[in-house]
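Within every chain, numbering begins at 1; the chains are lettered A, B, ... in the order of the sequence lines, protein sequences first and strands thereafter. Values reported hereafter were calculated over all heavy atoms of this structure, with side chains retained and with hydrogens, waters and symmetry mates removed.
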Number of protein chains: 2
Amino acid sequence: MDTADRLIESTRELLWERGYVGTSPKAIQQRAGAGQGSMYHHFDGKPALARAAIERTAEEMSALAELQFTGPGTARERLTAYLLRQRDVLRGCPIGGLTQDPDIMADALLKAPVTQTLAWLRGRIADLVTEGVADGSLPPVLNPTNTAAAIVAAMQGGYVLARAADDPALFENAIAGILPLLGER
Amino acid sequence: MDTADRLIESTRELLWERGYVGTSPKAIQQRAGAGQGSMYHHFDGKPALARAAIERTAEEMSALAELQFTGPGTARERLTAYLLRQRDVLRGCPIGGLTQDPDIMADALLKAPVTQTLAWLRGRIADLVTEGVADGSLPPVLNPTNTAAAIVAAMQGGYVLARAADDPALFENAIAGILPLLGER
DNA sequence: GTCTATACTCGGATAGAC
DNA sequence: GTCTATCCGAGTATAGAC
């Protein structure tokens with residue numbers, strides 16, 4: 001991994017742990033084992049580096065989800081597999097958490113990957129719901145758009161509850177609580 | 001409203017808008033129309049002021065919710081009234097949003113009101129679910145703990161989705177998506 | 001490409017006058 | 001109680017040497 005890569009990886013970790021406002025160039029350099037000059041040689045400044053980091057995180061998150069969505073089984077099985085997947089719950093969502101960061105939301109270039117990734121996720125899940133309703137694996141009454149929003153929201157909120165309580169079980173509870181929507185019991 | 005009160009109110013607004021890390025004493029003073037000396041006369045420093053602000057916000061939020069929970073109607077009606085209540089969606093939840101703030105989570109005194117308020121909310125909603133199952137206004141299969149977690153999570157996550165998309169409709173979608181859980185369609 | 005030096009502002013707080 | 005002065009470190013970046 002070269003220096004530019006290490007800088008991006010360090011930035012990804014720090015954005016996840018401390019958010020954008022709470023992350024300083026100096027902290028990034030130290031974690032990456034790079035000096036000031038090195039960082040400013042490879043990137044224009046903090047926003048440019050953050051942009052590279054957020055984009056990489058967004059791509060990784062989408063790819064990981066897509067892995068579940070295109071796996072084996074009925075639409076319902078793929079959906080519940082995604083929901084029940086192992087997660088580092090107490091760290092929160094590395095994309096959703098950025099919505100709380102004022103400097104991210106104020107910068108179109110930093111906000112765009114956040115907006116797009118969550119929109120993509122909702123759309124992808126809505127498609128699965130539609131598919132599941134069509135093939136009979138999901139209850140026929142479900143509205144795909146609303147159900148997808150509820151599922152993604154329950155996950156994002158599950159992170160919030162788990163972090164507030166310092167207990168990953170709350171994420172699990174939230175997921176278990178929406179599963180009846182999908183006809184699971 | 002005296003100076004101490006104005007300082008607390010300014011802090012509440014700034015915590016909501018910019019989070020703890022993103023809020024400086026100077027910004028608080030300016031918004032409150034108070035000087036440095038004045039602020040440090042009334043409060044020990046930024047953490048003490050934040051604590052007062054967060055506690056006031058937590059109390060206000062609980063009181064507002066309790067108003068809906070003790071209103072008229074069946075348990076289900078009170079629950080849906082709470083969910084459908086008018087909200088300033090794009091500003092996010094002034095308590096839930098704090099879970100993303102590293103300096104809040106690292107300080108036991110600042111974190112406690114966040115932990116407690118969300119735990120109280122879940123407990124209160126779980127009670128309503130239990131009540132609704134008992135009086136027949138809610139489906140008998142519901143698990144109160146999980147359902148309460150799912151409901152609170154859907155709201156918290158609804159804020160995240162709405163802010164990411166810059167569109168309050170996503171909060172509404174998430175709520176509409178979980179209503180079928182309560183037997184609404 | 002990376003290092004060190006330098007610069008300037010802001011964050012957070014203290015001291016003492018009024 | 002409030003004001004102004006002052007302090008020191010951190011945040012963010014530039015300049016120029018190597």
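- Distance, B:Asp103 CG to D:dA10 P: 14 Å, rounded to whole Å.
- Heavy-atom distances under 4.0 Å link DNA chain D to A:Thr23, A:Ser24, A:Pro25 of residues 17-29 of chain A, given in residue order.
- By the 4.0 Å N-to-carboxylate-O rule, B:Glu131 lies close enough to B:Arg78 to be salt-bridged with it.
- Every side chain to side chain contact (heavy atoms under 4.5 Å, CB included) that A:Ser137 has, sequence neighbours left out, goes to A:Thr74, A:Ala75, A:Arg76, A:Asp135.
- Nucleotide D:dT12 holds its P atom 12 Å from the CG atom of A:Leu49, rounded to whole Å.
- Here A:Phe69 pairs with A:Tyr82 under the ring pair (Phe, Tyr, Trp, His ring centres under 6.0 Å) rule; sequence neighbours left out.
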Between side-chain atoms of residues 44-59 of chain A and protein atoms elsewhere (two or more places apart, or another chain), which donor-acceptor pairs fall under 3.5 Å?
{"residue": "A:Lys46", "atom": "NZ", "partner": "A:Tyr20", "partner atom": "O", "Å": "2.9"}
{"residue": "A:Lys46", "atom": "NZ", "partner": "A:Thr23", "partner atom": "O", "Å": "2.7"}
{"residue": "A:Arg51", "atom": "NE", "partner": "A:Glu55", "partner atom": "OE2", "Å": "3.3"}
{"residue": "A:Arg51", "atom": "NE", "partner": "A:Leu109", "partner atom": "O", "Å": "3.2"}
{"residue": "A:Arg51", "atom": "NH2", "partner": "A:Glu55", "partner atom": "OE2", "Å": "3.1"}
{"residue": "A:Arg56", "atom": "NH1", "partner": "A:Asp5", "partner atom": "OD1", "Å": "3.1"}
{"residue": "A:Arg56", "atom": "NH1", "partner": "A:Glu9", "partner atom": "OE2", "Å": "2.7"}
{"residue": "A:Arg56", "atom": "NH2", "partner": "A:Asp5", "partner atom": "OD1", "Å": "2.6"}
{"residue": "A:Thr57", "atom": "OG1", "partner": "A:Arg12", "partner atom": "NH1", "Å": "3.1"}
{"residue": "A:Thr57", "atom": "OG1", "partner": "A:Ala53", "partner atom": "O", "Å": "3.1"}

With sugar-phosphate taken as primed atoms, P, OP1 and OP2 and all else as base, the protein-contact string of nucleotides 2-8 of chain C at under 4.0 Å (heavy atoms; B, S, -) is BBB----

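- In this structure, the side chain to side chain donor-acceptor pair (under 3.5 Å) partners of B:Gln29, at least two apart in sequence or on a different chain, are B:Gln36.
- For A:Lys46 and D:dG11, the NZ to C1' distance is 8 Å, given to the nearest whole Å.
- When the salt bridge (Lys or Arg N to Asp or Glu O under 4.0 Å) test is applied to A:Asp88, the partners found at least two apart in sequence or on another chain are A:Arg91.
- Not counting sequence neighbours, the partners of B:Ser10 by the side chain to side chain contact (heavy atoms under 4.5 Å, CB included) test are B:Ile28, B:Arg31, B:Ala32.
- For residues 139-171 of chain A, every residue pair satisfying the ring pair (Phe, Tyr, Trp, His ring centres under 6.0 Å) rule, not counting sequence neighbours, is listed here: A:Tyr159-A:Phe171.
- With rounding to whole Å, A:Met39 atom CE is found 9 Å from D:dA13 atom C1'.
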